[in-house]
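Residue numbering restarts at 1 for every chain, and letters A, B, ... go by the order of the sequence lines. Just so it is clear, the values below take in all heavy atoms, side chains as well, and ignore hydrogens, waters and symmetry mates.
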Number of protein chains: 2
Amino acid sequence: MPQTHPLNQEISLSVIKTACSNCNLRELCLPFGLSLDELERLDDLVSTRRRIKRGDHLYRAGEAFDAIYAIRSGFFKTDVLLEDGRDQVTGFQMAGELLGMDGISTEVHTCNAIALEDSEICAIPFSRLESLSREIHTLQHHFHKVMSREIVRDHGVMMLLGTMRAEERLAAFLLNLSQRFTARGFSHAEFYLRMTREEIGSYLGLKLETVSRAFSKFQEEGHIAVQQKHIRILNVNGLKALMSHRP
Amino acid sequence: MPQTHPLNQEISLSVIKTACSNCNLRELCLPFGLSLDELERLDDLVSTRRRIKRGDHLYRAGEAFDAIYAIRSGFFKTDVLLEDGRDQVTGFQMAGELLGMDGISTEVHTCNAIALEDSEICAIPFSRLESLSREIHTLQHHFHKVMSREIVRDHGVMMLLGTMRAEERLAAFLLNLSQRFTARGFSHAEFYLRMTREEIGSYLGLKLETVSRAFSKFQEEGHIAVQQKHIRILNVNGLKALMSHRP
DNA sequence: GTGTTAGCTTGATCCATGTCAACCGTAAAT
DNA sequence: ATTTACGGTTGACATGGATCAAGCTAACAC
């Protein structure tokens, strides 16, 4: 049932089309900081929504790139495949985050994006995004920030893979998830993991057995309660200490 | 001694000011693909050159961000520091590559950029770059490609750190350097490393002893000849095989 | 209900890389 | 030419996480 916006009747019209101006993720996503005017111009661009079923690909490595994607709801992973068959999860993405920026450089996607639960995405045709951001300074700048944030995030992962031990990595991972759930209005202390131990391990450069053991250890020490994919964080500071305490 | 360009007398004039239009790295760097007209507009923007002595910082983590930097000559490393004192080298950059894009997201640099030899950089004020790329489509698109390439590169490093063993990492590292030197017109088979074993190790998530042992092993096996920082690649295919051969 | 399967946990053992330590080579300083 | 210092090499040993293996749990199909 469509809701009317308290401020402006014009907006309540746009509720009917599925649009950024109406999206409760707009403060986390591409529209951040845009005026009402500008939002409506973005709406024209982001017209295609798509449902992706759990396990399905949003895009595959090797496919032509022509759009980036904003996650409207759901949960994704991206992974890269090496010629020799090894692969690695390069990230987990949740609502409000953008996918596909890896494809800009060569106009071919370099990784796979796979839904970890039934999800919904907004496709943003890239050349039209470039046009619009030539006109809307705020949009241009925000998009640059988003790409830069991805680079900074990657540096964090490199740090994690290069210098941290297994338990530090897992603690960092849990704290990061918790923080991102919080930003989306969910509990910071209790959530369901959408990914398997193997996927977590791949992301963290560990084997699934090591991930499992670390979960058990955290539980024994009273930092968290784990039951399969259900996680409760009992002691945030404990985890933080684990993350940065050298042995 | 200034040279005249065979095509156009106008260009020989611009030789006098130190400018992109005159730079032999322009095909590797930001000016890629621009017309003569557009190049001259970029020249106005990239007016400040700076020399950075070996060991000096180009910028430091925590400093305000307001420009990105193109390397005109020389060699840099970037590193990230964790609160607990651990650090990691996140990249090595050479002539024609851009530095500083990590700072766009928060307007504060998140890593240190340090010259590994006496170097020269061109400062590109970021807000002016954004303005100009609102006017020059090609510039805008190329800049997006450069940022995206950085993301793809980072994924490669994550792959390396997450799934490769010590010798595979070092082989990948050497092949990557070789390929980048080649793109700059240098020998693909013979070069001097600008970084120490410790810096290589930090980048590859290994200890310096492990790096040193791997160099020795490669030499014993006839893939390379090492003498301190001087490297000769004797068998590229051997290295490639090492890179992707699981044990 | 029962069977099936994918994912998770736990134990025993092994090995790649880290750690610690001694020594060597090269280049700059005196 | 000698000293000094930094970076690199090599060896011996320790260990964190991988590997191999067995069994458990939860969810889902039938």
Peer 1: Send over the distance from A/Leu208 CG to D/dA21 P, rounded to a whole Å.
Peer 2: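 The distance from CG of A/Leu208 to P of D/dA21 comes to 15 Å, rounded to the nearest Å.
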Peer 1: Using a 4.0 Å heavy-atom cut-off, does B/Gln227 contact any base of the nucleic acid, only the sugar-phosphate backbone, or nothing at all?
Peer 2: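 The residue B/Gln227 makes sugar-phosphate contact but no base contact.
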Peer 1: Looking at B/Phe76 versus B/Phe92, is the centre-to-centre ring distance below 6.0 Å?
Peer 2: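 Ring-ring flag for B/Phe76/B/Phe92: false, centres at least 6.0 Å apart.
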Peer 1: Starting at CZ of B/Arg165 and ending at P of C/dG18, how long is that distance when rounded to a whole Å?
Peer 2: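 The answer, rounded to whole Å, is 12 Å.
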Peer 1: Counting any heavy atom closer than 4.0 Å, what does B/Ser216 reach on the DNA or RNA strands: base, sugar-phosphate only, or nothing?
Peer 2: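 The answer is sugar-phosphate, as B/Ser216 gets under 4.0 Å only of primed atoms, P, OP1 or OP2.
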Peer 1: I need the CD-P distance between B/Glu198 and D/dG8, as an integer number of Å.
Peer 2: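 The answer, rounded to whole Å, is 9 Å.
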Peer 1: Measure the distance from CD on A/Glu209 to P on C/dA6 and round it to the nearest whole Å.
Peer 2: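 These atoms are roughly 17 Å apart.
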Peer 1: Using a 4.0 Å heavy-atom cut-off across all strands, classify A/Ser212 as base, sugar-phosphate, or nothing.
Peer 2: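 Base, at least one base atom sits under 4.0 Å.
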Peer 1: Atom CD of B/Glu168 and atom P of C/dT17: how far apart are they, to the nearest Å?
Peer 2: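 Rounded to the whole Å, the gap is 9 Å.
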Peer 1: For the rings on A/Phe126 and A/Phe65, is their centre-to-centre separation under 6.0 Å?
Peer 2: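 So the answer is yes for these two rings.
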Peer 1: Would you mind reading off the distance between B/Gln219 atom CD and D/dT9 atom P, rounded to a whole angstrom?
Peer 2: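 So the two atoms are 9 Å apart, to the nearest Å.
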Peer 1: What is the separation between atom CG on B/Leu206 and atom P on C/dT19, rounded to the nearest whole Å?
Peer 2: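 The answer, rounded to whole Å, is 12 Å.
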